[in-house]
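Take a look at the structure set out below.
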Amino acid sequence: MVNQERDGYDPSTVEQKWQQLWEERGTNSFTLEELQSAQDPFYNLMMFPYPSAEGLHVGNIYAFTGADVHGRYQRLRGRTVFEPIGFDAFGIHSENFAIKMGTNPMDLIPSNVENFTRQLKRIGGMFDWDHSVDTTDPDYYKWTQWVFIQLFKAGLVEHKEAPVNWCPSCMTVLANEQVIAGECERCNTPVEQRQIAQWFFKITNYAQRLLDNLSHIDWSDKTLKAQSNWIGRSQGARLNFPVINKDGQDTGTMIEVYTTRPDTVFGATYMVLSPEHPLVDVVTDPGLTEEVDKYRQKAKEKDLVARQKVDKTKTGVPTGGYCQNPATGDRIPIWTADYVLMDYGTGAIMAVPGHDQRDFDFAKQFNLPVVRVVAAPDDNADTALEQAYVGSGFLVNSGQFDGTDVSKSVEIVTAWAADNGWGAATVNYRLHDWCISRQRYWGPPIPIIHCNACGAVPVPESALPVVLPRIEDFRPDQSGISPLARIEEWHKTTCPECNAVARRETDVSDTFLDSGWYFLRYPSTEFADRPFDPDLMRRWLPVDTYIGGNEHAVLHLLYSRFLTMALHDLGYLDFEEPYDIFRAHGLIIAEGSKMSKSKGNVIVPDPVIEEFGADTLRTYLMFLGPFEEGGDYRQDGIQGPFGFLHRLWDSVTSAADGEPDPGVERKVHQTIRQVTDQIPNLQYNTAIAAMMECLNVIRAGGRIATRTEVEPLVPMIAPFAPHIAEELWERLGHSESVFEGANWPSFSEEKAAKDSVTIAVQVNGKLRASIDVPSESIEEDVVEAARADENVTRHIDGLEERRVIYVKHRLVNFVVT
RNA sequence: GCCGGGGUGGCGAAAUGGUAAACGCAGGGGACUUAAAAUCCCCCGGGCUUUGGCCCUUGUGGGUUCGAUUCCCACCCCCGGCACCA
């Protein structure tokens, strides 16, 4: 423990004082006029939290502090920094928690938001509380619904049937994460799939643009890669296989398959349709209908998670139908098997067991023929296949294409198929359309009215918001559909077009829609008549820096890019990418292992702030390790930054007038240089270490600092420890906040320059001496000084000197034999 | 299986081709003090040592280089994500 009596630093007094002053003076908040006229604007965004009942944990604080440091630094450099925060309070988490507690989410959320607000203020974030958003506020979700309607009008919204996880015992829709090992997490009943009509956003229309833009946005590499993998562009071909009857005659039905290896078509020995494929009924032999139906029913009973698990033992049944392989003319059987997914490609494949491991496994299981159509350079057409071969080589057993190298075969065979009218090159994406329907209560109602005569009609914009009614019975029940469907007085309405009796859509929208556009709203919260003001958009958007967790690498970050792109195309925005820079922060663990309630190692910030202050906690978190990699929170380690801030306080408050010591001044300038370089690159841990080192030099031997030596450390520590920085800045005689005006210190290369340098002297790469030489010494002098060193002499005497390596200001290496 | 990120003292870590272990924690010794705290000074990867020094050490094995924690190849382990994507 530090003696507070002596140095007078009491974190809680200082922090309360400055938090109050910031609020009174409006230090961190903007008026509308200020936003409209801001010079050199910098939009500093961080991912807004979901306000849980537990409150903020140290992982949240870590993320917010790292982003806040970035914003505060930009402000100290003179930029006008807008740093808003809000609450992503709709969604299944809040709803499940409310169900568990037996509380209505409408009561639960405000108290959570209040608690989060208190905690966020306490850690000293530079938040503009006048521009906060809460996604559950009708003034906000009015515009979420507006976004839906704009996309609907643009033809980017589609209503179609899609499978959902269904618990037959709870009679409710489950989210994927509520399905544990194929069973409902609440009652352990096996989960099945149900087809329900749902609303989709056609994000796949944008797949190529979403992929292409990745090459010019400045994002963390791992996030870019995750998005690119998620979009999953693949190049291949669609091939048509005619269905034939028992006599080998064409029935007029075609099965279209997608393949990335059209060149292996000669090896397609059977076909597989996904159990959901509509042609299964058409091709199935009447004698096998029962078997096939049984299999399809079994597949349906699998939940969506289990269905996609890799399983060594493949299942499937023959349909009794046949196709003709258009390359060989052979008759090949049609099977149905659940290893083929309706979701991808065309939901049907040509099976090439020789060159696809899944098809190979299936063929072995059911004794289907395996034909080699690619041979490795040292193999031939008859080399046996022990497993699917996917390497390089040349085509075999492929008619006129025998001998074609596989590097060219895809193109050549596709062209042949196209010429003969049974195929075409195509691009396929793994990305699916975005299902935004939720058969739940806690979200914004989807603003659609279903009319028997007019179909699905959007709610007129003048009638927005469609307010989510407070209902006591918000839990899922036996009816199995959205809770709002039970409230007739709510969903019964009239059609906006024909005035007939009609019904409101009773599904609510996905939380990712709420968070998909929130950054557009922050600057415009004053405007009740528009979601975002065009002038403010031009001044502040796109976001300059967005910092958040990589757990949102695909969903949130992809959806918000899509919405921005769509709104751009509709003429609402003049940019199409929302975030210039995105950086993913690392994860905080505690005492070497992941924080979890069950382990009981969750660090709660409040008691830590109580004992050490927010400034120490912030500085410690940023000191733990590289911000983009995370760190290990250890209880004992906080003493380091705590002591550092105390010593800084002591040195600043006792600083004397006078000339700085030249050696100390050099260190100060070197430190400014390093910290200035590292903070914008989020290298916070080493920037803090540099300041610690600098203060150690200033205080060495118990010396009292001069004011010029220690003053630059105050604005430099300010991004990390804003309260103590404000207090010390004031005590140094400044009347304004350190954050008003560009108070970042400057350095001079001249003053940072060393007048002597330590040179490592090696013989054959091994260190034999260290010598000090004047930094402007010429090579010859340094080499001679090195050669003169006694220990060096011992190692080179009597040997032949072949080379001397000289690296300025670094080393001399004598290469001898 | 695929795609990321990692593996360095007792611990968190630093160094991106040039003195491995900066900074901090924990530990040990000393100064100041009636005492404690705070502050300041010293030690703190391992081994050998004639105390001058010498040898070993960044997951493992190889390579490139005067020189490799850093670049290349192969392998092992840990963490995260995706996963029958045709």
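The chains referred to below are lettered A, B, ... by the order of the sequence lines, with proteins before strands, and numbering in each begins at 1. Remember, predicted model here, so these are calculated numbers, not experimental data.
The base of B/rC66 is paired with the side chain of A/N813 by a donor and an acceptor separated by under 3.5 Å.
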- [ ] Starting at the 5' end of nucleotides 2-17 of chain B, put B wherever the base has a protein heavy atom under 4.0 Å, S where only the sugar-phosphate does, and a dash everywhere else.
- [x] -SS------SBSS---
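To the nearest 0.5 Å, atoms CD1 (A/I231) and CG (A/L211) are separated by 5.0 Å.
Taking the ring pair (Phe, Tyr, Trp, His ring centres under 6.0 Å) definition, one finds that A/F627 meets it with A/Y62, A/H585, A/Y684, sequence neighbours left out. Judged as a side chain to side chain contact (heavy atoms under 4.5 Å, CB included), and not counting sequence neighbours, the contacts of A/S775 are A/V757, A/H809.
For RNA chain B, if you chain together Watson-Crick or G-U pairs that step i with j, i+1 with j-1 and so on, the runs of at least three with distances under 3.5 Å are B:1-7 with B:76-82, B:10-12 with B:23-25, B:27-31 with B:39-43, B:45-48 with B:53-56, B:59-63 with B:71-75.
As judged by a 4.0 angstrom heavy-atom cut-off over every strand, A/R703 is placed among residues making no nucleic acid contact. Within the nucleic acid shown, A/R810 comes within 4.0 Å of sugar-phosphate atoms alone, with no base atom in reach, counting heavy atoms only.
Between the C1' atom of B/rC54 and the CG atom of A/L767 lies a distance of 13 Å, rounded to the nearest Å. With rounding to whole Å, A/Q639 atom CD is found 11 Å from B/rA26 atom C1'. Atom CD in A/E693 sits about 13 Å away from atom P in B/rA21, given to the nearest Å.
Listed nucleotides B/rC82, B/rC66, B/rG80 differ in distance to A/K594; the shortest reach to its side chain belongs to B/rG80. Picking from B/rC56, B/rA86, B/rA22 the nucleotide with the shortest atom distance to the side chain of A/I349 gives B/rA86.
Environment of CZ in A/R810: sparse, with no more than 12 heavy atoms of neighbouring residues, nucleotides or ligands closer than 6.0 Å.
Interface residues of residues 793-804 of chain A facing RNA chain B, ordered by number: A/R794, A/H795, A/R803; criterion, heavy-atom separation under 4.0 Å.
Taking the syn range as angles within 90° of 0, the glycosidic angle of B/rG9 is syn.
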Residues 798-808 of chain A side chain polar contacts: donor-acceptor under 3.5 Å, at least two apart:
from: A/E801; atom 1: OE1; to: A/R787; atom 2: NH1; distance (Å): 2.4
from: A/E801; atom 1: OE2; to: A/R787; atom 2: NH1; distance (Å): 3.1
from: A/R802; atom 1: NH1; to: A/T817; atom 2: OG1; distance (Å): 3.3

